[in-house]
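Here's the structure, in structure tokens; my notes come after.
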Amino acid sequence: MSSKVDKWIRPEVRALRAYQVPDAKGLIKLDAMENPYSWPPELVEAWLTRLRGVTLNRYPDPRARELAIRLTDYLGLAPDQGLILGNGSDELIQLVILALAAPGRVVMAPEPTFVMYRMIAGFAGMDYYPVALRSDFALDLPAVKAAMERLQPAVVFLAYPNNPTGNLWDELDLTEVLRAAPGLVVIDEAYYPFAGRSWISELGSYDNLLVMRTVSKLGLAGLRLGMLAGPPAWIEQIDKLRLPYNINVLTQVTAAFALEHGSVLDEQAAAICAERDRLGRTLMALPGLEVFPSQANFLLLRTAPGRAGEIFEGLLHRGVLIKNLDGSAPALADCLRVTVGRPEENEAFLNALREIL
Ligand SMILES: *Cc1c(COP(=O)(O)O)cnc(C)c1O
């Protein structure tokens, strides 16, 4: 059997390591940038009432039109811009790459960054070219421009703020990337709820800019809903690759409902930002930890040399799951990433960490 697998499964697929999601059962889960808050009971009741009206025996609206109208408003999208919805922004990254994929074509991104750009480029048979960030995780603009000039990437992905570093890049640098890029530039604003900075208003100004958003980090990670906005000429082409009913009916109804009650999610995001700043200050006062500035709902930490693994395991042993980034990229040596949780979760994390340090 394995010889047939080896013969027929494409080498680039066999070479991939499946995306690992650790089991978090019984643990304080501070590893995946989820919003730690649930909804107030009366909102849950109103949502369940709304779900009663859903017709599960029928296919969903193939274009999710009602939801798309609501999202256009939520995004502040100009009427002359296009919008496509995805089963999470992960699916949208895949659609963009599938629309561009051909042997020898290049996907580029600064690194370290979100791993899905590399993974999807790999399984779509495109070449992935990372450009190293500076040691403070700023964009290395001359290096990016030189690499674009040399390799003519079909698309450059820019996570803004970046994951796992948490920072926003300089706006003028991004403007220069947009001007110099030979192909598409996708600005991935997954952490917009915590950064408040967006390129949506620039969508008319460049012929190669697409902006991506998701409701995942805002507090609806279970729904799987991403948005890709930009010039209709691009969006119409990418939309051809979308499977007809990619946004299921429960997601369509629930996301529309959640946006009607958007202030609940906005207040949660504000609480997370306040908690992020408090957690950051507390961590900075601990010995032997470097805390990087963050505009997202997580913090990147650097431990004393060689201690990241031991600290990660120590936290796990005390019931707290974070993310160990040590070994995932040279720039992330000794690095850990912690998602901002509820105050009592952050306190449990801090207490465990104090014990270990
Ligand atoms: C988490 C994350 C995503 C994934 O979003 P989904 O909508 O849940 O697929 C996309 N981009 C970045 C940079 C992320 O960190």
Side-chain angles (χ1 to χ4, degrees), residues 1-25 27 29 31-33 56-57 59-60 62 84-131 147 151-157 159 163-164 183-184 186 188 190 210 212 214 216 221-226 228 234 236-251 309 312 316 321 323-330 332:
M1 181 172 91
S2 86
S3 70
K4 287 194 175 115
V5 172
D6 288 350
K7 178 178 173 194
W8 289 105
I9 297 290
R10 290 183 286 133
E12 57 270 33
V13 176
R14 276 186 279 128
L16 278 175
R17 277 198 339 149
Y19 189 77
Q20 298 290 333
V21 179
D23 185 7
K25 202 159 190 274
L27 298 173
K29 194 170 183 313
D31 67 324
M33 282 80 89
L56 285 179
N57 55 318
Y59 281 107
I84 168 172
L85 306 186
N87 190 351
S89 37
D90 290 346
E91 186 187 34
L92 294 167
I93 298 167
Q94 177 169 285
L95 291 181
V96 167
I97 289 180
L98 285 179
L100 303 169
R105 288 196 179 186
V106 171
V107 174
M108 192 174 283
E111 278 229 336
T113 192
F114 188 48
V115 294
M116 294 311 292
Y117 312 141
R118 175 196 286 271
M119 274 194 72
I120 296 172
F123 66 63
M126 290 182 87
D127 294 333
Y128 179 79
Y129 191 88
V131 182
L151 297 164
Q152 298 289 304
V155 57
V156 179
F157 283 99
N163 170 15
L184 261 182
V186 177
D188 178 351
L210 298 179
M212 194 163 61
T214 173
S216 292
L223 282 188
R224 310 305 300 130
L225 178 67
L228 184 69
W234 287 105
E236 281 160 16
Q237 298 299 327
I238 295 163
D239 194 47
K240 293 176 186 171
L241 296 169
R242 189 180 57 82
L243 297 176
Y245 306 106
N246 65 328
I247 311 299
N248 75 71
V249 69
L250 297 175
T251 296
F312 173 80
L316 203 55
L321 177 65
K323 178 91 174 172
N324 184 5
L325 296 167
D326 181 53
S328 65
L332 296 173

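None of these values were measured; they are calculated from a predicted model. Below, each value reflects all heavy atoms present in this structure, side chains not excepted, and no hydrogens, waters or symmetry copies.
Expressed to the nearest 0.5 Å, how far CE of Met116 lies from CD1 of Ile97 amounts to 9.0 Å. Distance check, rounded to the nearest 0.5 Å: CZ of Phe312 to CG of Asp326 gives 11.0 Å. With rounding to the nearest 0.5 Å, the separation of CG in Asn87 from OH in Tyr245 is 16.0 Å. For the atom pair Phe114 CZ and Asp90 CG, the distance stands at 4.5 Å (nearest 0.5 Å). How far CG of Leu228 is from CD of Glu91: 11.0 Å, rounded to the nearest 0.5 Å. Taking CG from Leu16 and CZ from Arg118, the interatomic distance works out to 11.0 Å, rounded to the nearest 0.5 Å.
For Arg10 (side chain) and Ala124 (main-chain N/O), no donor-acceptor pair under 3.5 Å exists by modelled atom type. Listed for the Asn246 side chain is a donor-acceptor partner under 3.5 Å among the backbone atoms of Leu85.
Remark: Glu236 engages no residue in a side-chain hydrogen bond (donor to acceptor under 3.5 Å, both in side chains) (not counting sequence neighbours). Listed by chain and number, the residues in a side-chain hydrogen bond (donor to acceptor under 3.5 Å, both in side chains) with Arg14 amount to none (sequence neighbours excluded). Scanning for side-chain hydrogen bond (donor to acceptor under 3.5 Å, both in side chains) contacts around Ser216 gives Thr214, Arg224, with sequence neighbours left out.
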Take Leu250 and Leu56 through the test side chain to side chain contact (heavy atoms under 4.5 Å, CB included) and record every step on the way to the result. CA-CA 9 Å; Leu250 297 175; Leu56 285 179; 4.2 Å; yes
Test log, rule side chain to side chain contact (heavy atoms under 4.5 Å, CB included), inputs Leu92 and Val186: CA-CA 10 Å; Leu92 294 167; Val186 177; over 6 Å; no
Please determine whether side chain to side chain contact (heavy atoms under 4.5 Å, CB included) holds for the pair Phe123 and Ile120, giving the CA-CA distance in whole Å, both sets of side-chain angles, and the decisive distance to 0.1 Å. CA-CA 5 Å; Phe123 66 63; Ile120 296 172; 3.7 Å; yes
For the pair Phe157 and Val96, evaluate side chain to side chain contact (heavy atoms under 4.5 Å, CB included) and give the outcome as yes or no after the intermediate values. CA-CA 10 Å; Phe157 283 99; Val96 167; 4.2 Å; yes
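By the 4.5 Å heavy-atom criterion applied to side chains, Leu241 and Gln94 are not counted as neighbours.
Nearest heavy-atom pair, Leu100 versus Ala154, reported as atom, atom and distance to 0.1 Å: CD1-O, 4.0 Å. Considering every non-hydrogen atom in both Leu332 and Ser328, the closest pair reads CD1-OG, 3.5 Å.
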